[in-house]
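Worksheet: the structure to be examined is printed underneath.
Counting convention: from 1, in listed order, for ligands and their atoms alike.
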Amino acid sequence: MIRDPESFTSFLDSLRRFVRERLVPREAEVARLDCVPDDVVDAMAAQGMFGYSIPEQYGGIGMTTEELVLAAMELSQCSVAFRARVGTNTGIGSEALVADGTPEQKARYLPLLARGELTGSFALTEPEAGSDATALQTTAVRDGDHYVLNGTKCFITNAPIAGLFTVMARTDPDKPGASGISAFIVPRDTPGLSTGKPYEKMGQEGSPVSEVHFDNCRVPASSIIGGKEGQGFRTAMKVLNKQRIHLAALCTGPAIRMLDDAVRFVTERKQFGQPLAEFQLVQAMVADCQTEIHAARALILDTARKRDEGQDVTMEASICKYFASEMCGRVADRCVQLFGGYGYIADYGIERFYRDVRLFRLYEGTSQIHQLNIAKRTFAQRAGH
Ligand SMILES: Cc1cc2nc3c(=O)[nH]c(=O)nc-3n(C[C@H](O)[C@H](O)[C@H](O)COP(=O)(O)OP(=O)(O)OC[C@H]3O[C@@H](n4cnc5c(N)ncnc54)[C@H](O)[C@@H]3O)c2cc1C
């Protein structure tokens with residue numbers, strides 16, 4: 001659902017200009033510095049980018065799912081690092097509060113997240129609990145009107161720069177699996193919370209990721225998101241369900257950009273006395289990219305609209321994430337091919353995208369986990385008939 005089509009179209013136009021004029025020219029610098037410079041962060045905050053999905057009453061833009069995916073497809077047509085900088089605040093780093101926070105928790109933190117004054121992080125994964133997140137071992141033990149957290153989270157996006165962590169921890173050791181898990185909101189300056197050195201990664205330079213350690217970290221009992229024990233995994237699934245549609249859009253933007261760059265390249269470069277674009281085998285690669293991008297876009301928009309109508313899109317969200325992330329990988333591979341040897345050389349930027357987008361098939365549910373989920377729900381639908 002688009003609330004005001006006319007003003008949303010002009011919003012998208014100005015976002016497109018911002019991405020082309022302000023972000024794309026800084027891509028190489030961000031990769032070299034391995035961070036998004038403060039002036040860029042400030043400009044993104046001034047554009048309201050940290051608050052896309054945060055309700056208006058808390059200072060955000062309160063986008064519908066359809067608006068959010070359309071904005072995401074524009075914003076992500078530049079190095080992944082830019083949108084990853086704001087992406088936890090518009091996704092997994094705020095969504096648990098938006099979905100299930102108490103009015104006090106929302107009022108306290110969401111305005112800061114919407115303005116980008118706090119960066120949020122979502123800490124679910126652990127060394128022994130990746131795809132099987134319900135196996136998490138971080139504990140939160142009640143002690144009077146506090147909980148004491150102990151454990152280690154790994155692979156947490158924006159942890160090195162985050163001011164606020166959504167943390168999944170086990171409050172009931174007697175309940176294995178999902179039902180013993182609660183979600184906590186933990187400010188960075190809480191004694192006992194520390195973050196590790198940022199990992200050296202395959203790509204996405206400028207998007208810091210690290211471990212988060214809890215060593216007798218005491219938080220007030222009021223830090224439980226929603227105020228109730230045992231609801232944490234349900235909250236995490238709500239967050240991830242919406243985020244899968246959002247992430248699918250964030251996989252589609254880079255695919256659009258890579259194809260755009262590749263089309264420009266094959267139009268300009270000549271071999272055998274003619275532009276590469278005139279060779280039919282080159283055209284086939286371009287057509288395959290364009291076809292898959294269109295399919296992803298249509299799938300994502302359809303799912304976003306259904307979610308805005310209040311339909312259960314759990315399976316469709318998985319399909320979006322699975323298809324769009326795999327599609328983006330195939331597009332990246334073809335675009336490197338279209339660039340020939342230049343595709344392998346850093347100066348042309350396409351190899352950076354190729355490395356950056358590899359992560360999409362791994363996080364927020366690997367492709368295999370989404371295949372399992374889609375199959376499970378397909379069989380369940382059939383059994384229900
Ligand atoms: C850069 C980066 C950023 C991340 N950001 C965050 C973050 O902000 N917050 C957060 O909580 N997590 C984050 N993650 C963690 C990410 O979500 C996990 O890495 C992912 O869920 C996979 O878990 P794992 O790495 O332990 O792999 P594993 O679960 O060990 O999987 C390894 C392989 O086995 C396959 N596999 C596992 N189980 C099955 C099965 N049942 N059937 C078939 N195949 C299976 C997987 O598909 C994969 O191919 C991030 C990861 C990275 C690398």
Side-chain angles (χ1 to χ4, degrees), residues 34 79-81 83-96 113 119-138 149 151-170 177-178 181-186 188 193 195-214 225 232-233 235-244 246-248 250-251 254 317-318 321-322 325-326 328-329 352 355-376:
D34 198 10
S79 273
V80 179
R83 71 81 177 157
R85 181 64 186 80
V86 298
T88 45
N89 285 35
T90 56
I92 55 178
S94 68
E95 196 58 31
L113 290 166
T119 296
S121 243
F122 179 79
L124 173 65
T125 305
E126 297 182 2
E128 300 305 326
S131 296
D132 182 9
T134 61
L136 66 82
Q137 294 168 2
T138 295
L149 273 63
T152 292
K153 299 289 178 179
C154 63
F155 299 146
I156 307 305
T157 300
N158 281 343
I161 54 171
L164 194 67
F165 295 83
T166 299
V167 183
M168 302 296 155
R170 193 167 293 288
I181 295 171
S182 303
F184 291 85
I185 195 80
V186 187
R188 177 177 204 95
L193 186 158
T195 55
K197 196 168 155 275
Y199 300 105
E200 288 188 22
K201 312 191 292 323
M202 177 190 287
Q204 299 200 6
E205 292 92 353
S207 168
V209 182
S210 74
E211 291 189 341
V212 185
H213 305 285
F214 301 94
I225 293 180
F233 203 72
T235 298
M237 286 304 109
K238 274 191 206 167
V239 171
L240 291 174
N241 198 17
K242 178 176 178 194
Q243 178 62 13
R244 283 165 184 170
H246 185 196
L247 185 65
L250 295 167
C251 297
S318 241
K321 197 281 178 177
Y322 173 50
S325 60
E326 292 283 337
C328 188
R352 186 183 59 238
R355 290 184 288 108
D356 284 357
V357 305
R358 185 62 184 84
L359 180 59
F360 298 159
R361 293 148 65 191
L362 294 169
Y363 65 4
E364 295 183 21
T366 64
S367 292
Q368 291 69 41
I369 292 304
H370 286 293
Q371 284 177 306
L372 293 175
N373 195 24
I374 296 160
K376 184 175 91 184

Of the backbone atoms (N, CA, C, O) and the side-chain heavy atoms from C-beta on, which set of Asp132 has a member under 4.0 Å from an atom of ligand 1: side chain, backbone, both, or neither?
-> neither
Please indicate whether any nitrogen or oxygen in Tyr363 is less than 3.5 Å from any nitrogen or oxygen in ligand 1.
-> no
Can you list the ligand 1 atoms lying under 4.0 Å from a non-hydrogen atom of Ile156?
-> 7 (C), 8 (O), 9 (N), 10 (C), 11 (O)
Near Leu124, which atoms of ligand 1 are under 4.0 Å from a heavy atom of that residue?
-> 11 (O)
Evaluate salt bridge (charged side-chain N to carboxylate O under 4.0 Å, His left out) for Glu95 paired with Lys242, printing each intermediate quantity in order.
-> CA-CA 9 Å; Glu95 196 58 31; Lys242 178 176 178 194; 3.5 Å; yes
Verify atom 32 (C) of ligand 1: protein non-hydrogen atom under 4.0 angstrom away | no
Would you mind checking which non-hydrogen protein atom is closest to atom 53 (C) of ligand 1, with the distance to 0.1 Å?
-> Leu359 CD1, 3.5 Å
Ranked by distance from atom 39 (C) of ligand 1, the top protein heavy atom is Ile369 CD1, 3.9 Å
For atom 3 (C) of ligand 1, grab the closest protein heavy atom and report residue, atom and distance to one decimal in Å.
-> Thr157 OG1, 3.3 Å
the protein heavy atom lying closest to atom 20 (C) of ligand 1 turns out to be Leu362 O, 3.4 Å
Ligand 1 versus Lys153: contacting region, heavy-atom distance under 4.0 Å | neither
Salt bridge or not for Glu205 and Arg355, using N-O below 4.0 Å?
-> yes
Protein contact for atom 35 (C) of ligand 1 (heavy atom, distance under 4.0 Å) | no
Hey, are Ser318 and Asn373 close enough side-chain-wise for a donor-acceptor pair under 3.5 Å?
-> yes
So how far is it from Ile156 CD1 to Thr88 OG1, rounded to the nearest 0.5 Å?
-> 11.0 Å
Report the residue from Leu149, Leu136, Leu193, Leu124 that forms a side chain to side chain contact (heavy atoms under 4.5 Å, CB included) with Val167.
-> Leu149
Run the numbers on Glu326 and Arg361 for salt bridge (charged side-chain N to carboxylate O under 4.0 Å, His left out), then give the verdict.
-> CA-CA 6 Å; Glu326 292 283 337; Arg361 293 148 65 191; 3.6 Å; yes
What part of Thr366, side chain, backbone, both or neither, has a heavy atom within less than 4.0 angstrom of ligand 1?
-> side chain
Scan the protein's non-hydrogen atoms and note whether one is under 4.0 Å from atom 14 (N) of ligand 1.
-> yes
Are there protein heavy-atom neighbours of atom 11 (O) of ligand 1 below 4.0 Å?
-> yes
Using distance alone, determine whether Leu372 and ligand 1 share an N or O pair under 3.5 Å.
-> no
Hey, is Thr88 touching ligand 1 through its side chain, its backbone, both or neither, going by heavy atoms under 4.0 Å?
-> neither
Met202 atom CE, neighbour heavy-atom count above 12 within 6.0 Å = no
Does any N or O atom in Gln368 lie less than 3.5 angstrom from one in ligand 1, N or O only?
-> yes
Any donor-acceptor N/O pair, Glu211 side chain to Cys154 backbone, under 3.5 Å = no
Of all heavy-atom pairs between Phe360 and Arg83, which one has the smallest distance, and what is that distance?
-> CE2-NH2, 3.3 Å
Glu364 heavy atoms within 4.0 Å reach ligand 1 at atoms 17 (O)
Between Phe155 and ligand 1, does any nitrogen or oxygen pair lie at a separation below 3.5 Å?
-> yes
Sorted by chain and number, sequence neighbours left out, side-chain hydrogen bond (donor to acceptor under 3.5 Å, both in side chains) with Ser182 holds for Thr171
Run the numbers on Arg188 and Thr195 for side-chain hydrogen bond (donor to acceptor under 3.5 Å, both in side chains), then give the verdict.
-> CA-CA 9 Å; Arg188 177 177 204 95; Thr195 55; 2.7 Å; yes
Under 4.0 Å to a heavy atom of Ile92 - the qualifying atoms of ligand 1, by number | 8 (O)
Atom 24 (P) of ligand 1 sits nearest the protein heavy atom Gly130 CA, 3.9 Å
Looking only at protein heavy atoms, identify the closest one to atom 28 (P) of ligand 1 and say how far it is in Å.
-> Ser131 OG, 3.7 Å
Could you say whether the N/O atoms of Phe122 and ligand 1 ever approach to under 3.5 Å?
-> yes
Gln371 atom CD, over 12 foreign heavy atoms within 6.0 Å | yes
At what distance, to the nearest 0.5 angstrom, does CG of Leu164 lie from CZ of Phe122?
-> 13.0 Å
Quick one: does Asn158 get within less than 4.0 Å of ligand 1, heavy atoms only?
-> no
Quick one: closest heavy-atom pair of Thr125 and Gly130, and the distance?
-> CG2-CA, 4.1 Å
